[in-house]
Amino acid sequence: MNKELGINQLKRRDFLKAGLVFGAGASGLAAGYAAVPDAFARAVYAAKKGGLANDNILVMIQLAGGNDGLRTLVPLADPALHDLRPKLAGPMVSQALPLNNQYGLNHNLGGIKGLWDKGKVAIVQGVGYPNPTFSHFESIRIWETGDPTRRQVDGWLGRTLATSYDSNGHPLTGCACGATDAPGALRDLQATLTVIQNQKTFGFTGGTEVEAAVGALYKGTPGIYGALFDTAIATATETMATLRTSASSYQPMADYSDKVKLVYSSKNQLAAALQLAAELIVTGTGVKLLHVTLGGFDTHYTELNRHDDLMGYLDSAVSAFYQDLAAHNMADKVLIATWSEFGRRPKENASGGTDHGAAAPLLLIGDPVQGGLYGAEPSLTTLDSTGNLKYAVDFRSVYQEILSGHLGADAAKILGTTFDKVPFLKAPVAV
Amino acid sequence: MHRAHRHLRILHIQLMPAARRRAFNEAVSLAPAEDQIAAPISGSRGITRRQALAAAVATGVGVGVVRLLGGSMQQIAAPHAATSTDWISPLGSESARVMQLLRRTTFGYTQPQLEAALSDGFNKTVDRLLETKPAEPPVLAAASTPGGLFAVNLLQQWWIDHMLASATPFAERMTLFLHGHFTSDYRKVADDTFMYWQNLTWRRMALTNLRSMLMAVTTDPAMLRYLDLATSTGQSPNENYSRELMELFTMGAGNYTEDDVRESAKALAGWTVPQPDSYATVVVDKATNVTRRLPVYSSQKTGVFNARRAYKGSVTYLGRSGQIDTQGVIDQILAQPATAVLIASKVAQHFVTARPATTYVNGLADTFRRSKYDMKTLMRAVLTSPEFVADQGYRSLVKSPIEVMVHAARALGTTSPSTSKLIAGAGSGMGQSVFDPPDVNGWPNNESWISSNTVVERVNYVTGALAQVKGQLPPSSDAIHQHLDGVLSPQTASLLNQAADERGRWFIALASPEFQLK
């Protein structure tokens, strides 16, 4: 028998020798992302001291596919924009919602513009990282792990969960809403997290009898996936119990509409996902780090209407979410942040769209935010060698401010080093 | 009677006296003579099992697996300690190897199909899988709808019906694999007839040559739309297809430069979707009586090259300079060693093991390259490699949602239209709807299929599928051997013992972790 395949076996033997039976994760799963949690990790938690006292909450919104920064925060006064985008520039400039005489928000971001006017929106311009990759999947991984050198396998939020919170028995500490699989940002071998696509259908057909049988079925499952399966079922069961309580005590105080016209690939129901996030937040389920995704931003063609639709979709979902949190007196605890793997090429292509780009602005929204523009808009005339915008702010500077200033976590430990400060928080937590 | 048939017949769950339960953990030699006949212990299997037992004893942990031994074994016994180690591989036996082969290359099997394969044996079954001409699915009537404007669930159910019924399910597995690799998504393609054609094309080309496959992929109407080559021009190229052709379909990131992306975008420009045979004016909104002029195709077509849209100058692509056309781009890609490695690696991860060793992948890639990129040669090398039946690889792959659902339906014998409807609908909560991949990278695999959401949905599907069986169920005792190899965790064994009736036992069998793996 071929010895090359003996990896699993060797690892298993090593663990057995060490007196540990390590069901999942490390042995087979280390090559790509780290695995979602396992039973061993839970035992570690039990021994860990309590997590952060801070009761702030973070909601990350992924704009998957590469959001066009120039159509999100539009440079109103730069003539170069019209040279680069003869088809796309006209309406995007004329219809934009001006923030000052230089920049305006996409015309479909009316709700977010209203929050901007109240000082609740910070926009960090020109966010990126050195030597950008134009591959969706490589860049997503870089943003998810917070590591442009591609060595880190755990997600930056997963590492935060693992190092900063005692989530033993609290599966909702990290939660992906509106998804079927765990986003890379939340993954860490030692982090507990849950994934809920739709709370209305999240439960066992057949009720508690099935739940009990399945709970008994998925215990001590052998093999490299054993602990993954067992933890997934245990987490699901605990989450169902929590949701039963929270759903009965939650009344939405905003109109979450998913009737907005969907753009191809934006199959994620962002508003529904954010409504679930609101439910988890206002009912005190112990959520800390939430992740939602809106897809469809890979606008290589006929971008004009597609991107506008996506902006509208984002705007209505975020506006309702903020309104709901505010009505429940939770707005001061919650920071909403967008991220996307890259911006888009300043020059448009033949298809009336734009190809993969580099630097782009990020939006930070909520009461904790000190509204305004941060960073620096990259020049439209001095592009890099690939014809893309040069970055001004490393994305990890934004992570750092979120981690230390909002969550009170040890950002240097989680990110591996320190970055320039971007002071977009009103009252950063003293660490 | 053939040996394999006897194997099936003798392996039944029976009661084991309490006195023997404890001993079960302590020695291999308890295996009755019948087991030795049915599943001769090869050297490698013996080592694996001994190691597992020795390790368990050394650490005071029970082996977390029950291997059903048939004959005088009287009950599915649960060891005292339920801490996990690894599954005990049964792959020393020919019948287990055949069952794993079918599990990994088809959508499960009915009892007659399994018996035929067991009677043929492993090697002959591999030959049959590779050499049988794929059965074409029935014509989908809706595909003649002008503009391909029909509900995608018709398309999804049409394919799932064929997965359930086809006499050549390996062709369907290859088509599903290629659908995840050379992926397209009905939402962006916005013409379900194009998606239907793509499915027919992928099935027909699955075991042919990568060189012709890449031309078929490049000029496939759905792909032309999905990755925007249809709207790219030499004057103002769209990079989408150029990039993904290299990054995801052939070479992988890191094996080309951004200049190569730009240069091949120029070289590839010029393709458009085919001209329709006619147009039909159709009311698209009954309320407002809004009509649209929609294309009608009388037969399947491929993309059309329009020289006026193409790039006129020379390009420098992957080290070659000059006038390079689409075939030239494909040939440059095939000249890169990384291409065979990426394809071999994806095939190995899909069919053999989640983390194939580099030497294994490189060996497969060499074979593939030497065959001038013949997919059948590659697949034969994969299926006949020792790695494919290695004990260490036993249950090292997680069935995708479509695989697990179709497998369960075939095991239950529920292959009606209501089953395909159930499967088409249930996939989204598990992360897999056909014709609707999450992104251009297709579907993830293995551990990515496991989350708190997906495991619940997998269980709910079993409940739904069982509810569709109105008549008598096949015997669950057969299922435990045919679909779970008789290798059960203590929990599964115990719950099967506790189940009140056949329905309950089927539920446990199909909802078990064992059934999720292949």
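Just so it is clear, the model here is predicted, and its values are computed rather than measured.
The side chain to side chain contact (heavy atoms under 4.5 Å, CB included) search around B:Glu514 returns B:Trp87, B:Arg395, B:Leu484, B:Leu488, B:Ser489, B:Thr492, B:Ser512, not counting sequence neighbours. With sequence neighbours left out, the side chain to side chain contact (heavy atoms under 4.5 Å, CB included) criterion links A:Ala179 to A:Ala176, A:Val195.
At a heavy-atom separation below 4.5 angstrom, chain A is approached by B:Ala253, B:Glu258 within residues 251-258 of chain B. Applying a 4.5 Å heavy-atom cutoff, the residues of residues 457-465 of chain B that approach chain A are B:Glu457, B:Val459, B:Asn460, B:Thr463.
The closest side-chain donor-acceptor pair between A:Asp355 and A:His300 falls under 3.5 angstrom. Side-chain N/O atoms of B:Ser385 and B:Tyr360 include a donor and acceptor closer than 3.5 Å. Using modelled atom types and a 3.5 Å distance limit, the side chains of B:Gln392 and B:Ser396 yield no donor-acceptor pair. Side-chain contact annotation: B:Ser400 with B:Gln432, donor-acceptor N/O pair under 3.5 Å present. A:Gln197 and A:Thr180 share no side-chain donor-acceptor pair at under 3.5 Å. Counting only N and O atoms by type, the side chains of A:Thr133 and A:Glu138 include a donor and acceptor under 3.5 Å apart. Between A:His136 and A:Asp298, the side chains place a donor N or O and an acceptor N or O closer than 3.5 Å (distance only, hydrogens not considered).
Summarising the geometry, atom OG1 belonging to A:Thr235 is positioned 9.5 Å from atom CG belonging to A:Leu172; distances are rounded to the nearest 0.5 Å. Distance CZ/A:Arg187 to OG/B:Ser451: 9.0 Å, rounded to 0.5 Å. Interatomic distance, SG of A:Cys175 versus CG of A:Leu276, reported as 6.0 Å (0.5 Å rounding). To the nearest 0.5 Å, atom CE of residue B:Met430 and atom CH2 of residue B:Trp443 are 14.0 Å apart.
A salt bridge is defined here as a Lys NZ or Arg NE, NH1 or NH2 lying under 4.0 Å from an Asp or Glu carboxylate O, and B:Asp259 with B:Arg262 meets this definition. The pair B:Glu247-B:Arg243 does not meet the salt-bridge criterion, since no charged nitrogen lies less than 4.0 angstrom from a carboxylate oxygen.
With chain A as partner, the option from B:Leu227, B:Val189, B:Asn240 having the largest number of non-hydrogen pairs under 4.5 angstrom is B:Asn240. Your options are B:Ala190, B:Ala269, B:Ala511, and the one with the most heavy-atom pairs under 4.5 Å with chain A is B:Ala511. Note: B:Asn238 leads B:Val440, B:Val398, B:Asn238 in heavy-atom pairs under 4.5 Å with chain A. Per-residue counts of heavy-atom pairs under 4.5 Å with chain B were compared for A:Gly203, A:Gly353, A:Gly206; the largest is that of A:Gly203. Of the residues considered (A:Glu348, A:His356, A:Met240, A:Lys347), A:His356 shows the highest number of contacts with chain B, using heavy-atom pairs under 4.5 Å. Residue with the most contacts toward chain A among B:Ala467, B:Gly431, B:Pro513: B:Pro513 (heavy-atom pairs, distance under 4.5 Å). Among B:Val261, B:Asn453, B:Asn441, the residue with the largest count of heavy-atom pairs under 4.5 Å with chain A is B:Asn453.
Both the backbone and the side chain of B:Ile508 come within contact range of chain A, with heavy atoms under 4.5 Å apart. Contacts of B:Leu229 with chain A are absent, with no heavy-atom separation under 4.5 Å from either backbone or side chain. For a residue to count as touching a neighbouring chain, one of its non-hydrogen atoms must lie under 4.5 Å from one of that chain's; by this rule B:Pro237 touches chain A with the backbone only. A:Phe202 touches chain B through its side chain: at least one heavy atom from C-beta onward sits under 4.5 Å away, while N, CA, C and O do not. A:Tyr218 touches chain B through its side chain: at least one heavy atom from C-beta onward sits under 4.5 Å away, while N, CA, C and O do not. Heavy-atom distances place no part of A:Thr354 under 4.5 Å from chain B, backbone and side chain included. With a threshold of 4.5 angstrom between heavy atoms, A:Glu211 does not approach chain B through any atom at all. For B:Tyr394, no part lies near chain A; criterion is any non-hydrogen pair under 4.5 Å. Only the side chain of B:Glu244 comes within contact range of chain A, judged by heavy atoms closer than 4.5 Å. Heavy atoms closer than 4.5 Å to chain B are found in both the backbone and the side chain of A:Thr194. Both the backbone and the side chain of A:Asp181 come within less than 4.5 Å of a heavy atom of chain B.
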Original post:
Taking it one step at a time, do B:Thr353 and B:Gln349 satisfy side-chain hydrogen bond (donor to acceptor under 3.5 Å, both in side chains)?
Top reply: CA-CA 5 Å; B:Thr353 181; B:Gln349 284 177 39; over 6 Å; no
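Between B:Leu510 and B:Phe515, the shortest heavy-atom distance links the atoms O-CD2, 3.4 Å.
Using a 4.5 Å heavy-atom cutoff, the side chains of A:Pro132 and A:Phe134 are in contact.
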